[in-house]
**Student:** 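First, the structure itself, so that you have it in front of you.
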Amino acid sequence: MAVRIQFTTLLIRIDRLLAVAPDGVAAITARWSPSWRDEHLLAVAFMDMGARDLAAELEGMGLVLRDTSTGQRVWQDIAVVDYYDGPTLPCAWLECDVASHVAWLAGTVPGPVAGPETEHEEAPVRISPDKFQQLLQSQHPQLFAPAPAPAKPAREGRTRPGEHEAVLLPLTQQIAAELLHIIPLSAKIDTVVFIAHFPRSGEVVKAGVVLHDIDGELRSMTLPPLTAETRRLLEQLSRYESGNRLTSIEIKIARDGRVTTDFGIAPPKSPEELEDLLRRRFGSIPAARAPRPPAPTGFFGKLKAMFGAGPRVTLHPQPSLRHIPPQEPLSLFLDPLNGIQEGWDHEPPPPAGAAANASAAAGGAPAFDLAALHGLEAQRVAGTPAPRPAAFTPTGPQLVVPAQDGLLAAEARGFHRTALAEFHRERPDLRFDAGDERLVRDLGPLGELHFTAWNGHLNRADLHVKGLPSLDDLLARLQPVLAALGGLGPVTCALGSRTPAGITDPQPVTYDELRRYLVPDSPFGTKVYPCWLLGAPPHTKVSLDLGCALPDNRPAFSYLVTITHI
């Protein structure tokens with residue numbers, strides 16, 4: 001079925017409403033009119049701003065109005081639909097026919113339309129905002145006095161959003177383009193790494209390496225001398241003014257043209273330290289220059305070379321650059337670090353007095369309490385330990401790590417701080433991923449084990465598998481992972497926290513507790529809910545992170561095993 005849209009209509013997903021208030025449909029229809037519903041959606045129409053009052057009431061009951069976890073505001077448990085323009089925000093679970101003023105739940109077949117007997121009048125002729133502005137200017141020029149809106153003042157010591165990016169990113173993009181111009185076309189590029197440090201304003205210390213492919217083997221060569229334009233751009237970067245002085249950049253160009261730039265404010269390195277950093281990261285790759293045509297031999301060989309018919313090498317086209325913006329805004333570290341706002345204001349506060357869900361989820365899984373999850377997440381953000389929800393006793397099968405050593409236990413016990421290049425020489429069985437600067441070991445059905453480094457020194461190993469379609473698939477995949485983790489101690493329940501600090505009495509994690517927390521369509525479904533492994537070797541920290549998300553509006557579960565050198 002489907003529901004009719006009249007005036008401003010607020011649509012509520014009935015399944016989400018019943019999850020927080022079993023009598024919610026009856027309560028809403030009794031207090032708010034006119035209203036109508038089909039089997040999926042409850043519609044309440046307004047001719048004024050009353051939709052805001054209803055939305056506030058629904059939020060107090062435990063519904064989540066909007067979701068901004070992807071950086072875009074979208075409707076979550078409700079949707080406000082305009083008679084003329086359709087949904088006022090994007091809504092993945094709603095389909096709407098603006099022409100016929102009808103909406104229905106996405107994925108269902110619209111049938112009979114539920115709605116009032118008296119239909120809304122047909123849409124009158126409307127004037128667009130741009131046309132209205134033109135009419136106003138032509139008919140009342142004395143009233144039309146455009147004035148620029150006053151800029152929102154930045155807090156002391158802070159730039160306005162995007163100011164750093166507007167200056168720095170174009171400079172680094174120009175540098176990346178200049179770097180490609182100095183690399184011979186006979187080099188089949190795998191990765192270009194360029195590092196520049198700025199000890200003082202106007203002073204530049206630089207180094208670079210080109211990783212290229214020769215007959216299927218990875219080779220390295222020093223970056224050729226820079227152009228005058230590149231040196232000018234680097235000097236301009238070194239003089240960039242900010243609250244925390246910019247001291248370094250690292251530009252990386254992948255074979256597919258992806259360009260990433262890392263900005264730094266740490267103490268800059270000397271030329272010797274910079275060369276040592278490159279040796280720690282790439283010293284295991286044999287050095288070789290780009291292929292060059294062989295020198296002509298004999299009289300006829302030199303004659304052919306004179307006419308351009310001599311020996312040749314394969315030339316490779318330069319990749320088309322695609323610049324990837326930094327994940328974090330540059331103001332986070334280029335502005336003074338006091339009073340930095342990290343953007344948490346958009347997260348909704350935990351609703352007070354939300355009704356507990358009285359019914360069990362399909363398949364016998366424990367009921368999901370949205371209010372409890374809000375409270376736990378608020379405590380996690382505040383840094384306080386998250387207690388287990390009241391009236392919930394975990395029972396049934398548990399996440400158990402075998403006592404005997406497993407594959408990952410052996411890796412953890414042999415984990416030591418060494419240069420990434422030296423570790424590669426010690427472990428020729430590992431494959432070097434130049435683009436991400438990591439060593440890879442294929443563990444078959446377990447996934448890929450990634451060894452990564454910080455400042456050229458090995459510091460972490462990850463086993464990450466994501467995109468599993470259901471929680472049952474995740475639990476099935478966890479069995480061999482726990483066997484590979486054997487000998488590293490028990491899994492302690494720390495769901496909702498980021499560190500195992502203060503845990504002295506490990507409480508086993510049960511499968512039904514995972515079903516309670518790993519709910520993909522919760523408001524915080526894209527966050528990770530970690531379980532921590534106790535008993536790791538003294539020089540390492542080992543964790544097991546379980547996560548869920550809704551990419552493309554489909555559930556996706558993941559696990560991440562992390563072995564970190566302390």
Side-chain angles (χ1 to χ4, degrees), residues 175-196 206-227 230 250-262 271 274-298 301-302 304-324 418-442 448-453 456 458:
I175 292 175
E178 290 289 329
L179 293 177
L180 284 184
H181 294 162
I182 63 176
I183 300 174
L185 294 178
S186 59
K188 186 178 181 182
I189 296 175
D190 182 279
T191 308
V192 179
V193 179
F194 175 74
I195 307 175
K206 54 190 178 299
V209 62
V210 179
L211 306 180
H212 58 112
D213 184 283
I214 299 180
D215 298 330
E217 299 291 338
L218 194 62
R219 296 292 183 263
S220 67
M221 68 178 184
T222 304
L223 194 68
L226 303 181
T227 63
T230 306
E250 178 174 340
I251 299 176
K252 186 181 296 182
I253 306 174
R255 72 176 71 186
D256 60 358
R258 287 181 297 111
V259 180
T260 56
T261 305
D262 291 326
L274 209 55
E275 292 294 341
D276 181 62
L277 174 62
L278 289 180
R279 281 194 296 270
R280 293 197 305 266
R281 292 161 64 177
F282 306 108
S284 61
I285 302 175
R289 292 187 298 181
R292 294 186 298 177
T297 59
K302 294 180 180 180
K304 290 182 179 180
M306 291 176 59
F307 292 95
R312 298 181 180 181
V313 296
T314 302
L315 301 182
H316 304 279
Q318 294 179 342
S320 299
L321 299 184
R322 297 184 294 113
H323 294 270
I324 309 300
T418 185
L420 185 68
E422 182 63 29
F423 189 68
H424 191 198
R425 281 190 284 264
E426 295 176 1
R427 296 282 300 274
D429 58 305
L430 301 178
R431 175 174 56 85
F432 184 72
D433 183 349
D436 292 318
E437 292 184 23
R438 63 189 182 187
L439 298 173
V440 179
R441 181 181 182 186
D442 187 4
E448 285 186 341
L449 186 63
H450 299 154
F451 296 89
T452 57
L458 188 70

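All values derive from a computational prediction rather than experimental measurement.
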**Student:** Indicate yes or no: at least one non-hydrogen side-chain atom of H316 is less than 4.5 angstrom from one of I189.
**Tutor:**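 The answer is no, as the side chains (C-beta and beyond) never meet within the 4.5 Å cut-off.
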**Student:** Using every non-hydrogen atom in the two residues, find where L420 and F451 come nearest and quote the distance to one decimal.
**Tutor:**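 In terms of heavy atoms, the two residues are closest at CD1-O, 4.2 Å.
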**Student:** Would you give the length of the straight line joining atom CZ of F194 to atom CD of E250, rounded to the nearest 0.5 angstrom?
**Tutor:**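 Here the rounded value is 10.5 Å.
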**Student:** Do K252 and E437 sit within salt-bridge range, that is, some charged N less than 4.0 Å from a carboxylate O?
**Tutor:**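 Yes, charged N to carboxylate O under 4.0 Å.
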**Student:** If you count the non-hydrogen atoms of other residues, nucleotides and ligands that lie under 6.0 Å from CG in D215, is the total more than 12?
**Tutor:**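 Atom CG in D215 is not packed in, count stays at 12 or less.
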**Student:** Keeping the roles fixed (side chain from D436, backbone from R438), state whether a donor-acceptor pair exists under 3.5 Å.
**Tutor:** no
**Student:** Hey, mind stepping through R322 and D256 against salt bridge (Lys or Arg N to Asp or Glu O under 4.0 Å) and telling me if it holds?
**Tutor:** CA-CA 8 Å; R322 297 184 294 113; D256 60 358; 3.5 Å; yes
**Student:** Enter the distance from I285:CD1 to T191:OG1 here, rounded to the nearest 0.5 Å.
**Tutor:** 8.0 Å
**Student:** Check for a donor-acceptor pair, side chain of S186 on one end and backbone N or O of P291 on the other, with a separation under 3.5 Å.
**Tutor:** yes
**Student:** Could you tell me which non-hydrogen atom of T230 sits nearest to which non-hydrogen atom of E178, and how far apart they are?
**Tutor:** OG1-CB, 3.0 Å
**Student:** Quick check on side chain to side chain contact (heavy atoms under 4.5 Å, CB included): which of V209, L179, I195 does L223 satisfy it with?
**Tutor:**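 Result: among V209, L179, I195, L179 is the only option passing the side chain to side chain contact (heavy atoms under 4.5 Å, CB included) with L223.
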**Student:** Rounded to the nearest 0.5 Å, what separates atom CZ in R441 from atom CG in D429?
**Tutor:**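 CG of D429 is found 6.0 Å from CZ of R441.
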**Student:** Taking it one step at a time, do R431 and E448 satisfy salt bridge (Lys or Arg N to Asp or Glu O under 4.0 Å)?
**Tutor:** CA-CA 11 Å; R431 175 174 56 85; E448 285 186 341; 3.3 Å; yes
**Student:** Run through V193, V210, L211 and flag the one making a side chain to side chain contact (heavy atoms under 4.5 Å, CB included) with S220.
**Tutor:**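 Output: one option passes, namely L211.
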**Student:** Tell me, do I182 and L226 make a side-chain contact under 4.5 Å, heavy atoms counted?
**Tutor:** yes
**Student:** Would a 4.5 Å heavy-atom cut-off, applied to side chains only, mark I183 and V192 as touching?
**Tutor:**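 Yes, at least one pair of side-chain atoms sits under 4.5 Å.
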**Student:** Testing the basics here: between A421 and G283, what is the closest heavy-atom pair and its distance to 0.1 Å?
**Tutor:** CB-N, 3.4 Å
**Student:** Any idea which heavy atoms bring M221 and A187 closest together, and the distance?
**Tutor:**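 Between these two residues, the closest heavy atoms are CE-CB, 4.1 Å.
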**Student:** Less than 4.0 Å between a side-chain N and a carboxylate O, is that true for E275 and R281?
**Tutor:**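 Here R281 does not pair with E275 in a salt bridge, since their nearest N and O are not under 4.0 Å apart.
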**Student:** H212 versus D190: any side-chain heavy-atom pair under 4.5 Å?
**Tutor:** no
**Student:** Measure the CG-CZ distance between L277 and R279 for me, rounded to the nearest 0.5 Å.
**Tutor:**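 Interatomic distance, L277 CG to R279 CZ, rounded to 0.5 Å: 10.0 Å.
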**Student:** Hey, could you give me the OG1/CD1 distance between T227 and I175, rounded to the nearest 0.5 Å?
**Tutor:** 9.5 Å
**Student:** Nearest 0.5 angstrom please: L430 CG to S284 OG, how far?
**Tutor:**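 The distance works out to 10.0 Å.
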**Student:** Which atom pair, heavy atoms only, marks the closest approach of A176 to I251?
**Tutor:** CB-CG2, 4.2 Å
**Student:** Taking all non-hydrogen atoms of both residues into account, name the closest pair between A434 and L218 and its distance.
**Tutor:**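 Closest heavy-atom pair between A434 and L218: CB-CD2, 4.1 Å.
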